[in-house]
S.K.: 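Quick one: the structure is below, questions incoming.
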Amino acid sequence: MARKSVLASQATDFPQWYQDVLAKAELADNGPVRGTMVIRPYGYSIWERMQAELDARIKAAGVPNAYFPLFIPESYLKREAAHVEGFSPELAVVTHGGGKLLDEPVVVRPTSETIINAYFSKWIQSYRDLPFLINQWANVVRWELRPRLFLRTTEFLWQEGHTAHTTESEAREFALQILHDVYEDFMVNVLAVPILTGRKTERERFSGATTTWTCEAMMRDGKALQMGTSHELGQNFARVFNTTFLDESGKEEHVWQTSWGASSRLMGALVMAHGDDNGLRIPPLLAPVQVVVLVVRDEDGAGDKAAAITAQLSEAGLRSQLDGRTDTSFGRRVVDWELKGVPVRVEVGPRELNAGEAVLVRRDSGTKTTVPVAGLEVAVRSALDEAQAALLAEALERRRARTVEVSTVAEAEEASRTGFATIALRVLGNDGETQLNRAGVTVRLLTRLDGSLPGADEDGPDAELLAVVARAY
RNA sequence: CGGGGAGUAGCGCAGCCUGGCAGCGCACCUGCUUUGGGAGCAGGAGGUCGGGGGUUCAAAUCCCCCCUCCCCGACCA
């Protein structure tokens, strides 16, 4: 009964490990059309947890949900020059409908700024209507040249928020509020993934935005992943869609807008930020199943006892599940739950029964402790709390260890082989960014020297900014 | 689209060079024994060998064309 490895090891072949774990943990499969993805029930249950956590934060920011059409008139996209230029190569365009050639092709939304603005201009009349806030949960399509499950798929799931405000500063404030109170809070406190927040460089900015704010994290292979973005759109879309309002003095003004999104890519972040050679490690606050109860051997009523323990844990408010299988070897069952990353495992066998105990195993550390069944929920809860904190601490430490300050572009390129590099923007410059791009390295974000967010206009040769550069997914 | 690798059972692969009954491991089904870290034995089912064309008595194998997937780039959440 020697243990065989189920997954490729991360150190040997990280991309293979990623594919292995998606399959073995039953998260997703490739769809039949290149770049499409089937999200399996276990994977989807995790996504639903992400949705629930994000949605609650979005609502707390005062943004209600709505739904806009999948199909957008092609002409809408073409109105905003930078926007259409940014998206045209990745659009899916429908030319036929009902068996006939369409007069005007419709595009499958790559994002919904245009169609939402068409309705904002209809609904917004007065400063009294502002701020106008909308979020939608939807699928979008961007024809990808190089798809990867969750990280970059042709069709993906996301939420996209769209807001309109009376002033630029109010719009900026809102974009940053979403960045911090929705994205950063969720990513750090629920996903247990430490992130850097900052501003995108001009070439990394969203097509049609004036400023893009981003959340970037380091994966276990040292590469960066953009986990969410919040954009200031200025009046770009308002002008082309004529989204105006009458201000208090009766003057007609264009609204100032934001848009912001986080996608099913977060699933990839979860896998690559915490997963180890034994499978996923899901942070307890996110986990759809927080604790699984296993019957080691169904003797002396162990099966019944395990069911009772599961009920006990559920009643205590823990997301619990009983694995009552007895036709599969114990080792197999353990490996299954490790692959799925369930944070805590409770093992009940004849040995513990007599003593009124159970074995509690933490997935993140592998730590095993024997605890009394009476009050088990307290021990489980504290194990979950510790695991949540440990995953965040581990990820933070990895990022710290793999981030180096450099003072030349060549050093930045070298450091990007294993992690992040920070370099003064003044030293990097536009040419340095080009040079790094050629080597497959991008500027992930810009911050002030102390790591705080720069102003949206804090730019130019005088700005004392720091660039964080890395290879990215 | 450029460079590299690979398509053979659900998954992982051998067979191809040198043409001659389509195989192995895991998974699956049945039975028995098992169950404290991927159980054992016995029996069984499962294949247009990515697709099309060609050469040949005979093609997974040789030739031509096409398609798909993976890795590294260019586009991007």
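What you see is a predicted model, and the numbers here were worked out from it, not measured in a lab. Each chain gets a letter, A, B and so on, in the order its sequence line appears, and its residues count up from 1.
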S.K.: Are any of A/Gln19's side-chain N or O atoms less than 4.0 Å away from OP1 or OP2 of B/rC71?
M.R.: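 It does, given that an N or O in the side chain of A/Gln19 lies less than 4.0 Å from OP1 or OP2 of B/rC71.
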S.K.: To the nearest Å, how far apart are A/Gln16 CD and B/rC69 P?
M.R.: 16 Å
S.K.: Of the candidate nucleotides B/rA77, B/rG36, B/rC70, which contains the atom at the shortest distance from the side chain of A/Asn30?
M.R.: B/rC70
S.K.: Ignoring hydrogens and geometry beyond distance, is the side chain of A/Ser329 in donor-acceptor contact with the base of B/rA39 at under 3.5 Å?
M.R.: no
S.K.: With P as the reference atom in both, quote the distance from B/rU56 to B/rA74 in angstrom, rounded to an integer.
M.R.: 49 Å
S.K.: Of all the choices, B/rA77, B/rU35, B/rG36, which nucleotide is nearest to the side chain of A/Thr229 once you look at every atom?
M.R.: B/rA77
S.K.: I need the CZ-P distance between A/Phe87 and B/rC76, as an integer number of Å.
M.R.: 9 Å
S.K.: Between A/Asp221 and A/Lys223, does any side-chain N to carboxylate O distance fall below 4.0 Å?
M.R.: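 So A/Asp221 does not pair with A/Lys223 through a salt bridge.
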S.K.: Restricting to non-hydrogen atoms, name the atom on A/Leu77 and the atom on A/Ile72 that form the minimum distance, rounded to 0.1 Å.
M.R.: CD2-CG2, 3.7 Å
S.K.: The criterion is ring pair (Phe, Tyr, Trp, His ring centres under 6.0 Å); which residues satisfy it with A/Tyr18, sequence neighbours excluded?
M.R.: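 With neighbours one apart ignored, the set is empty.
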S.K.: Look at the side chain of A/Arg471 and decide which nucleotide, out of B/rG73, B/rU35, B/rC70, has an atom nearest to it.
M.R.: B/rG73
S.K.: With no angle test and no hydrogens, is the base of B/rC76 tied to the side chain of A/Arg152 by a donor-acceptor pair under 3.5 Å?
M.R.: yes
S.K.: Rounding to a whole Å, what distance do you find between A/Leu7:CG and B/rG12:C1'?
M.R.: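 Between C1' of B/rG12 and CG of A/Leu7: 13 Å.
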S.K.: Is it true that A/Asp323 and A/Arg325 have a side-chain N and a carboxylate O under 4.0 angstrom from each other?
M.R.: yes
S.K.: Please report, rounded to the nearest Å, how far the P atom of B/rC76 is from the CD atom of A/Glu90.
M.R.: 7 Å
S.K.: Below 4.0 angstrom, which residues in residues 36-54 of chain A have at least one non-hydrogen atom near RNA chain B?
M.R.: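 None, since no heavy atom is under 4.0 Å.
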S.K.: Taking atom types as they are modelled, is there a donor-acceptor pair under 3.5 Å from the base of B/rG36 to the side chain of A/Glu299?
M.R.: no
S.K.: OP1 or OP2 of B/rC76 sitting under 4.0 Å from any side-chain N/O of A/Arg148?
M.R.: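 So the side chain of A/Arg148 is outside the cut-off, no N or O lying under 4.0 Å from OP1 or OP2 of B/rC76.
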S.K.: Quote, to the nearest angstrom, the C1' distance that separates B/rU61 from B/rC21.
M.R.: 15 Å
S.K.: Before giving the answer on salt bridge (charged side-chain N to carboxylate O under 4.0 Å, His left out), spell out for A/Lys200 and A/Glu216 the whole-Å C-alpha distance, their side-chain angles and the decisive distance to 0.1 Å.
M.R.: CA-CA 11 Å; A/Lys200 286 292 191 186; A/Glu216 302 276 333; 2.7 Å; yes
S.K.: Quick one, which residues of residues 360-374 of chain A touch RNA chain B with a heavy atom under 4.0 Å?
M.R.: A/Lys368
S.K.: P atom, B/rU18 versus B/rC62: distance in rounded Å?
M.R.: 9 Å
S.K.: Could you check how far OH of A/Tyr473 sits from P of B/rG73, rounded to whole Å?
M.R.: 10 Å
S.K.: Quick check for you: to the nearest 0.5 Å, what is the distance between A/Leu176 atom CG and A/Glu184 atom CD?
M.R.: 11.0 Å
S.K.: For A/Gln136 and A/Phe68, work out which heavy atoms get closest and say how close.
M.R.: OE1-N, 2.8 Å
S.K.: With sequence neighbours left out, which residue pairs that include part of residues 178-229 of chain A fulfil the ring-ring contact (aromatic ring centres under 6.0 Å, His included) condition?
M.R.: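 Only A/His83-A/Phe206, A/Phe87-A/Phe206, A/Phe206-A/His231 qualify under ring-ring contact (aromatic ring centres under 6.0 Å, His included).
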S.K.: Tell me, please, which residues at least two apart from A/Arg109 pass side chain to side chain donor-acceptor pair (under 3.5 Å).
M.R.: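 Partners of A/Arg109 under the side chain to side chain donor-acceptor pair (under 3.5 Å) test: A/Tyr67, A/Asn139.
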S.K.: Could you measure between the two P atoms, the one in B/rG10 and the one in B/rA6, and give it in whole Å?
M.R.: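 My reading of the P atoms in B/rG10 and B/rA6 gives 22 Å.
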S.K.: Which letters describe nucleotides 1-6 of chain B, given B = protein heavy atom under 4.0 Å from base, S = only from sugar-phosphate, - = neither?
M.R.: ------
S.K.: Can you tell me how far P in B/rG40 sits from the matching atom in B/rG36, rounded to whole Å?
M.R.: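 Taking atom P in both B/rG40 and B/rG36, they lie 12 Å apart.
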S.K.: What residues, two or more places apart in sequence or in another chain, satisfy side chain to side chain donor-acceptor pair (under 3.5 Å) together with A/Tyr44?
M.R.: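 With neighbours one apart ignored, the set is empty.
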S.K.: Is the ring of A/Phe156 stacked on the base of B/rA77, with centres less than 5.5 Å apart and planes under 30° off?
M.R.: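 The base of B/rA77 is stacked with A/Phe156 (centres under 5.5 Å, planes under 30°).
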S.K.: Return the residues of residues 67-83 of chain A meeting this criterion: a heavy atom under 4.0 Å from some atom of RNA chain B. Order them by number, or give none.
M.R.: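 Listed by number, there are none.
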S.K.: Are A/Glu394 and A/Arg220 ion-paired here, with the side-chain N under 4.0 Å from a carboxylate O?
M.R.: yes
S.K.: Taking the C1' atom in each of B/rU8 and B/rA14, what is the distance between them to the nearest angstrom?
M.R.: 10 Å
S.K.: Looking at RNA chain B, which of residues 189-210 of chain A put a heavy atom within less than 4.0 Å of it?
M.R.: none
S.K.: Who are the side chain to side chain donor-acceptor pair (under 3.5 Å) partners of A/Thr95, not counting sequence neighbours?
M.R.: none
S.K.: Specify the separation, in whole Å, of atom CG of A/Leu151 and atom C1' of B/rC76.
M.R.: 12 Å
S.K.: Which residue pairs pass the salt bridge (Lys or Arg N to Asp or Glu O under 4.0 Å) test with at least one member in residues 13-26 of chain A, sequence neighbours excluded?
M.R.: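 Of all non-adjacent pairs touching residues 13-26 of chain A, those that pass salt bridge (Lys or Arg N to Asp or Glu O under 4.0 Å) are A/Glu26-A/Lys340.
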S.K.: For A/Arg417, is the CZ atom crowded, meaning more than 12 foreign heavy atoms sit under 6.0 Å from it?
M.R.: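 Not more than 12 within 6.0 Å, no.
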S.K.: Taking the six-membered ring for Trp, are A/Phe132 and A/Phe120 closer than 6.0 Å centroid to centroid?
M.R.: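 Centroid distance A/Phe132-A/Phe120: below 6.0 Å, so yes.
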S.K.: For a side chain to side chain contact (heavy atoms under 4.5 Å, CB included) with A/Val344, tell me which candidate from A/Asp364, A/Leu313, A/Val292, A/Val291 qualifies.
M.R.: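 Passing option: A/Val291.
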S.K.: Could you tell me how far B/rA60 sits from B/rC16 if I compare only their C1' atoms? Round to whole Å.
M.R.: 7 Å
S.K.: Any chance you could measure A/Ile309, atom CD1, to A/Asp304, atom CG, to the nearest 0.5 Å?
M.R.: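 Going from CD1 on A/Ile309 over to CG on A/Asp304, the span is 11.0 Å.
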S.K.: Should A/Asn117 and A/Arg79 be marked as a side chain to side chain donor-acceptor pair (under 3.5 Å) after you check the CA-CA gap, both sets of side-chain angles, and the distance that decides it?
M.R.: CA-CA 11 Å; A/Asn117 257 271; A/Arg79 290 197 206 174; over 6 Å; no
S.K.: Taking CG from A/Asp13 and P from B/rC71, how many angstroms apart are they, rounded to a whole number?
M.R.: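 So the CG-P distance, A/Asp13 to B/rC71, works out to 9 Å.
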S.K.: Among residues 215-222 of chain A, which contact RNA chain B at a heavy-atom distance under 4.0 Å?
M.R.: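 Nucleic-acid contacts, sorted: none.
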S.K.: Please measure how far the P atom in B/rA59 lies from the corresponding atom in B/rC17, and state the result in whole Å.
M.R.: 14 Å
S.K.: When you measure from the side chain of A/Arg297, which nucleotide among B/rG36, B/rG37, B/rA77 comes out closest?
M.R.: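 Side chain of A/Arg297 sits closest to B/rG36.
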S.K.: Which distance, rounded to the nearest 0.5 Å, do you find between the CG of A/Leu179 and the SG of A/Cys215?
M.R.: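 Reported to 0.5 Å precision, the distance equals 4.5 Å.
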S.K.: Would you call A/Arg332-A/Asp327 a salt bridge at under 4.0 Å N-O?
M.R.: no
S.K.: Atom CZ of A/Arg333 and atom P of B/rG36: how far apart are they, to the nearest Å?
M.R.: 8 Å
